[in-house]
Amino acid sequence: YGGAYQQYEIALEDARTKYRRLLHAEYGGSSHLGRHIKEPYQIDVGPDASVEEMINQASVKNVAKYGDWSENYMNDLFDWHLGISEKLDWFAGNLQWAFKDFGTPLRPENAIPYINQKGVVDRSGRPKDAYFVFKSHWSEDPFAYIESHTWTERQGEEDESHNVKVYSNVHSMVLVHNGKSLANKLRDKSSFPAQGLVWDIVFKEGPNILLAMGYDKDGNTVATDSITVNYGIGSAGDPESVTWNRERLPNGNILMTASMVDKDGKLCSDHNEKVYFDLMGDGELYTSYGTMGRSATIETASGKASIEIGPGKGKATLELRSQNFKGAYFELNPKE
């Protein structure tokens, strides 16, 4: 759990001097499904830091305390660990100890209270991006996954470059942006990040269609993936209000998603504060399941939070509030 994952090889070499056999069974950190950031939080421990300092983090900021809990950080951390593990011929290997997020009484202040979010899938079994990082290193079935299907709203300057990663296990990959094919890249297991399947893209304002096409050694298309990224120019101000999205679920319930927006209606994508849902009137609020959508207390993920409601026969009012936000309300009508 050292704060600088780039020094993982040093830590393994140090352990090699102490143990005849070594299988690494626990590493990683917490990530909040749907939380994304262009420049993930990093800790600089300096070139002279000892292995003990990397672990204890006594004189540097602790990544667990000050980190951003983004999926992007965890993708990079796992990707780095797996790359190092597979290049060391003396190293027996490692495993991902927490497949799914799990409950714990020791985490009342977590992004989802009392949930340890070190899994590669969330508590409901929904894969995080990190799931596909492992798949790109360990699976033999051809696939492609663009980072990320939960990062479809991005913001930045008009001519700003953004990197797009594709996690895959194919021989080579082409990324297509709005119908234009970008460079064909060979997957290189020794390259970081995403084994070299990374493209720098200047998004246009509005929708941007990304298509990943993966090929085998004979040039046959064996895997594809696509997403649409909605890009906004500039960054948002402080949250002033909430926009609501209502979705009817297959079980008959309603999923309400709240988006924190500024005075101009722009999504506050850097808003990651804790919010609280409450329901007044007829209906049932699904809470304490420890999942996105079924937690009444939860940190937003890049400005958004969802809650599932079992509608009643009468009207109800859904409330969202936070420590720094005056509150927002949505009137639910069972006839709609």
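One-based numbering along the sequence shown.
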- Query: Which value, rounded to the nearest 0.5 Å, describes the distance between Thr152 atom OG1 and Asn230 atom CG?
  - Reply: 6.5 Å
- Message: Looking at Glu160 and Lys38, is there a salt bridge between them, counting it only when a charged N and a carboxylate O are closer than 4.0 Å?
- Response: yes
- Lys135 side chain to Trp138 backbone, donor-acceptor under 3.5 Å: no
- Evaluate the ring planes of Tyr131 and Phe99, with Trp represented by its six-membered ring, and classify them as parallel (under 30°), tilted (30 to 60°) or perpendicular (over 60°). perpendicular
- Message: Under a 3.5 Å threshold, yes or no: a donor from one side chain and an acceptor from the other, between Asn324 and Ser322?
- Response: no
- Task: Would you please name every residue forming a ring-ring contact (aromatic ring centres under 6.0 Å, His included) with Tyr167, sequence neighbours left out?
- Result: none
- Message: I'd like to know whether the aromatic ring centres of His271 and Phe325 sit less than 6.0 Å apart in this structure.
- Response: no
- Query: Looking only at side chains, do Asp141 and Ser139 share a donor and an acceptor under 3.5 Å apart?
  - Reply: no
Using atom types as modelled, flag every donor-acceptor pair under 3.5 Å from a side chain in residues 103-112 to any protein atom, sequence neighbours excluded.
unit_1, atom_1, unit_2, atom_2, d
Thr104, OG1, Leu106, N, 3.1
Asn110, ND2, Ile115, O, 2.7

- Message: Assess whether a salt bridge exists between Lys165 and Asp79, defined as any Lys/Arg side-chain N lying under 4.0 Å from an Asp/Glu carboxylate O.
- Response: no
- Checking Asn75, Thr150, Asp101 against Lys128 for side-chain hydrogen bond (donor to acceptor under 3.5 Å, both in side chains), the one that qualifies is Asp101
- Message: Any carboxylate oxygen within less than 4.0 angstrom of a Lys/Arg side-chain nitrogen, looking at Asp122 and Arg294?
- Response: no
